[in-house]
Amino acid sequence: MLFIFLIPVIGLVAAFLINKIFPHAQFRGYDVLPFFLLAACNLATTHANLPSFLPYGFLFYFILVVIVSLNDAIKNKNISLGKTIRKLWDYLAACSCFWYLGSLILMFAY
């Protein structure tokens, strides 16, 4: 159970270090958070003996990817692949934060 809280803290420390080491990079420190938060979500649902809702989260993220890609394709005739990937990765980072909070709520509710 300790790892459920320790893994995101390690992710936040890694994000802080990345921001300090590479202050002018195109990526930001919080870009590594999904890797840590998804692992913690899996541990939380396993600990609570609940079915994991991560596949549904990934399905929702996939639908969001399609919507954003189509939206950019309609708006811009010249689609910037870098900007689209950046936007999608930001959505993944936000979704992983919500997945982690949701798994904590589920873990403590049951």
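Note that the structure is a prediction, hence the values are computed from the model and not measured.
Interatomic distance, L37 CG to L12 CG, rounded to the nearest 0.5 Å: 7.5 Å. In this structure, F5 CZ and L104 CG are separated by 5.5 Å, a value rounded to the nearest 0.5 Å. Between the CD1 atom in I7 and the CG atom in L2 there is a gap of 9.5 Å [rounded to 0.5 Å].
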Please step through side-chain contact (heavy atoms from CB on, under 4.5 Å) for the pair F27 and I18, ending with a clear verdict.
-> CA-CA 9 Å; F27 57 90; I18 288 173; 3.5 Å; yes

Checking side-chain contact (heavy atoms from CB on, under 4.5 Å) for the pair R86/D31: CA distance, chi angles, key distance, verdict?
-> CA-CA 10 Å; R86 174 85 242 157; D31 291 339; 2.5 Å; yes

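Grouping the Ile, Leu, Val, Met, Phe, Trp and Tyr side chains by contacts below 4.5 angstrom, directly or via other members, places Y61 with V68. By the rule that hydrophobic residues join a cluster once side-chain heavy atoms approach within less than 4.5 Å of another member, I21 and I10 end up as members of one cluster. When hydrophobic clusters are built by joining Ile, Leu, Val, Met, Phe, Trp and Tyr residues whose side-chain heavy atoms come closer than 4.5 Å, directly or via intermediates, I105 is not grouped with M1. Cluster annotation: F22 is connected to V32 through the hydrophobic network of ILVMFWY side chains, with a link wherever side-chain heavy atoms come within less than 4.5 Å.
The nearest pair of heavy atoms linking M107 to A48 is CA-CB, 3.9 Å.
Evaluated for a side-chain contact (heavy atoms from CB on, under 4.5 Å) with I4, the options T46, T45, L43 yield exactly one hit, L43.
The aromatic rings of F35 and W89 are tilted relative to each other, their planes meeting at an angle between 30° and 60°.
Atom CZ of F3 has 12 or fewer heavy atoms from other residues, nucleotides or ligands within 6.0 Å. Within a 6.0 Å radius of CZ in F16, no more than 12 heavy atoms belonging to other residues, nucleotides or ligands are found.
Side-chain atoms of Y100 and C41, non-hydrogen and from C-beta on, do get closer than 4.5 Å to each other.
Between the side chains of Y30 and D90, a donor-acceptor pair is found at a separation under 3.5 Å.
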